[in-house]
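Remarks on the structure that follows.
Please read all numbers here as calculations on a predicted model, not as lab measurements. The chain is numbered in sequence order, starting from 1.
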Amino acid sequence: MSDLFAFLLSPAGIAAYAAFWALKLLAGAWAIRQGLTLLPERSRNWTEAQLARIGLLARKSPLG
């Protein structure tokens, strides 16, 4: 068990932990985006507006 803690507290362990969370966040964002494409247009617009309101999705520009 002490070998595990030694690895986790080493620079390689900290980098592996950071890479794990970065991958997890990217996979979660991808899953949300894929789920949004399955919704009907009206529901998708409402959901995107709510996600933008709480800062989880970039707001769409009214010009483009």
Side-chain angles (χ1 to χ4, degrees):
M1 192 65 160
S2 64
D3 291 338
L4 175 67
F5 287 121
F7 171 72
L8 290 176
L9 297 175
S10 71
I14 293 171
Y17 187 70
F20 164 75
W21 278 102
L23 180 65
K24 186 173 179 176
L25 288 171
L26 287 172
W30 178 84
I32 288 172
R33 177 54 66 190
Q34 294 301 312
L36 283 175
T37 62
L38 299 174
L39 292 175
E41 183 69 25
R42 183 178 164 114
S43 298
R44 186 176 340 142
N45 290 339
W46 182 85
T47 304
E48 287 176 350
Q50 297 306 310
L51 289 173
R53 186 178 61 83
I54 62 174
L56 295 178
L57 187 67
R59 295 186 192 268
K60 289 185 179 179
S61 171
L63 300 175

For Leu39 and Arg44, work out which heavy atoms get closest and say how close. O-NH2, 3.0 Å
Heavy-atom distance under 4.5 Å between the side chains of Ile14 and Leu8, does that happen here? no
Please answer whether the main-chain N or O of Ser43 pairs with a side-chain N or O of Thr47 as donor and acceptor at a distance below 3.5 Å.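 A pair under 3.5 Å: yes.
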To the closest 0.5 Å, what do you measure between CZ (Phe20) and CG (Leu25)?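 Phe20 CZ to Leu25 CG: 9.5 Å, rounded to 0.5 Å.
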Treat each ILVMFWY residue as a node, draw an edge where side-chain heavy atoms are under 4.5 Å apart, and state whether Leu36 and Ile54 are in one component.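 Linked, Leu36 and Ile54 end up in one cluster.
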Between Ile32 and Trp30, is there a shared hydrophobic cluster once you connect ILVMFWY residues whose side-chain heavy atoms come closer than 4.5 Å?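 Different clusters: Ile32 never reaches Trp30 through Ile, Leu, Val, Met, Phe, Trp or Tyr contacts under 4.5 Å.
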State plainly whether the residues Glu48 and Arg53 are in salt-bridge range, i.e. N to O under 4.0 Å.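 No, no charged N to carboxylate O under 4.0 Å.
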